[in-house]
Amino acid sequence: MPRNTGCRCTVPISEVAPTTMYASDIEAWAALNGVRLVEDYLGRQAISLEDAYKVRERQKVAEAEAQRNAEFRAAVYTAQQQREHVYDRAFATALAGTAARREDLIHAKAVAWNAVAEAERDLPREVRDQLGGVSQSFRTIQPV
């Protein structure tokens with residue numbers, strides 16, 4: 001950030017805030033962002049250059065956080081798709097060649113959930129937490 005040289009440099013609001021706001025919205029935006037509204041040399045609403053730098057830094061932080069959130073949601077989505085694929089494949093494999101009796105279905109579910117638990121073991125904790133854990137009741141059933 002440049003050092004304050006005593007310049008009363010300003011930045012028009014239209015360059016740092018949404019341009020579709022009413023005057024009352026602009027005042028609320030300024031209060032929320034901790035900046036003071038001033039008039040520039042053309043009589044337009046503006047903020048000081050120093051405040052503009054502060055606002056931009058906050059915007060950068062918000063953009064980075066939004067990017068992290070989007071990446072996290074994508075990771076959870078991918079993990080959910082993988083979970084469904086692993087479960088379906090393991091369930092079908094375990095059920096293949098059986099009479100599909102109740103016991104066979106219980107066994108196939110246990111095999112499938114064990115396969116899911118194994119596949120998800122190395123996922124980041126946050127992703128596993130978002131997916132929800134593999135039910136302990138299925139994992140404690142021992143495949144026959």
Side-chain angles (χ1 to χ4, degrees), residues 1-5 7-40 44-144:
M1 183 184 320
R3 200 178 251 183
N4 188 346
T5 60
C7 171
R8 292 183 19 172
C9 302
T10 60
V11 177
I13 285 294
S14 61
E15 293 185 21
V16 292
T19 58
T20 57
M21 296 190 294
Y22 295 109
S24 60
D25 294 332
I26 291 172
E27 291 169 6
W29 173 87
L32 182 66
N33 283 281
V35 298
R36 190 172 60 86
L37 293 174
V38 295
E39 279 191 7
D40 68 5
R44 299 175 297 190
Q45 283 190 318
I47 60 175
S48 71
L49 183 60
E50 185 177 337
D51 283 346
Y53 274 105
K54 289 177 188 175
V55 168
R56 181 60 190 136
E57 286 303 313
R58 286 189 206 118
Q59 288 172 341
K60 286 180 184 178
V61 169
E63 289 167 1
E65 183 177 343
Q67 179 65 31
R68 283 190 304 275
N69 288 339
E71 290 169 0
F72 176 72
R73 286 191 306 274
V76 170
Y77 176 78
T78 300
Q80 179 63 37
Q81 297 300 310
Q82 182 66 21
R83 173 183 267 195
E84 292 173 11
H85 176 73
V86 167
Y87 181 90
D88 290 345
R89 188 179 61 222
F91 184 82
T93 301
L95 201 56
T98 68
R101 298 174 311 213
R102 183 175 186 278
E103 298 81 22
D104 298 329
L105 293 172
I106 291 171
H107 167 73
K109 282 184 179 183
V111 167
W113 281 117
N114 285 333
V116 167
E118 181 65 26
E120 293 178 355
R121 184 181 54 196
D122 295 329
L123 285 176
R125 181 181 181 91
E126 302 81 26
V127 173
R128 284 190 321 234
D129 289 348
Q130 188 68 32
L131 287 174
V134 174
S135 173
Q136 288 297 86
S137 62
F138 286 120
R139 292 182 63 200
T140 56
I141 299 172
Q142 294 301 315
V144 181

Q. So Lys54 and Glu57, salt bridge (Lys or Arg N to Asp or Glu O under 4.0 Å) or not? Walk me through it.
A. CA-CA 5 Å; Lys54 289 177 188 175; Glu57 286 303 313; over 6 Å; no
Q. Measuring from Arg36:CZ to Ser48:OG, what's the distance to the nearest 0.5 Å?
A. 7.5 Å
Q. Do the side chain of Asp104 and the main chain of Arg101 share a donor and acceptor less than 3.5 angstrom apart?
A. yes
Q: Say whether, by atom type as modelled, one donor and one acceptor occur between the side chain of Asp25 and the main chain of Met21 under 3.5 angstrom.
A: no
Q: Please report the C-alpha distance between Gln130 and Glu126 in whole Å, then the side-chain angles of each, then the deciding distance to 0.1 Å, and finally whether the side-chain hydrogen bond (donor to acceptor under 3.5 Å, both in side chains) criterion is met.
A: CA-CA 6 Å; Gln130 188 68 32; Glu126 302 81 26; over 6 Å; no
Q) If you look at every heavy atom in Ala94 and Ala108, which pair is closest and at what distance? A) CB-CA, 3.7 Å
Q) Which heavy atom of Ala52 sits nearest a heavy atom of Val11, and at what distance? A) CB-CG2, 3.7 Å
Q: For Asn33 and Trp29, indicate whether the former's side chain and the latter's backbone hold a donor-acceptor pair under 3.5 Å.
A: yes
Q: Quick one: closest heavy-atom pair of Ala90 and Ala112, and the distance?
A: CB-CA, 3.6 Å
Q: Output yes when a side-chain donor or acceptor of Gln59 lies under 3.5 Å from a complementary backbone atom of Val16, and no otherwise.
A: yes
Q: State whether Glu118 and Arg121 are salt-bridged, where the test is any N-O pair (Lys NZ or Arg NE/NH1/NH2 against Asp/Glu carboxylate O) under 4.0 Å.
A: yes
Q. Is there a side-chain contact between Leu49 and Thr10, using heavy atoms and a 4.5 Å cut-off?
A. no
**Q.** Value rounded to 0.5 Å, distance of NE2 in His107 from CZ in Phe91
**A.** 10.5 Å
**Q.** Glu120 bridged to Arg83 by N-O distance under 4.0 Å
**A.** yes
(Q) Return the CD to CG distance between Gln82 and Leu131, rounded to the nearest 0.5 Å. (A) 11.0 Å
**Q.** Exam field: side chain Thr98 to backbone Leu95, donor-acceptor pair closer than 3.5 Å
**A.** yes
Q. Would one find more than 12 heavy atoms of other residues, nucleotides or ligands at under 6.0 Å from atom CZ of Phe72?
A. yes
Q) Can you find a heavy atom in the side chain of Gln45 that is under 4.5 Å from one in the side chain of Ile26? A) yes
Q) Does a side-chain N-to-carboxylate-O contact under 4.0 Å join Arg56 and Glu63? A) yes
Q: Keeping the roles fixed (side chain from Arg44, backbone from Ile13), state whether a donor-acceptor pair exists under 3.5 Å.
A: no
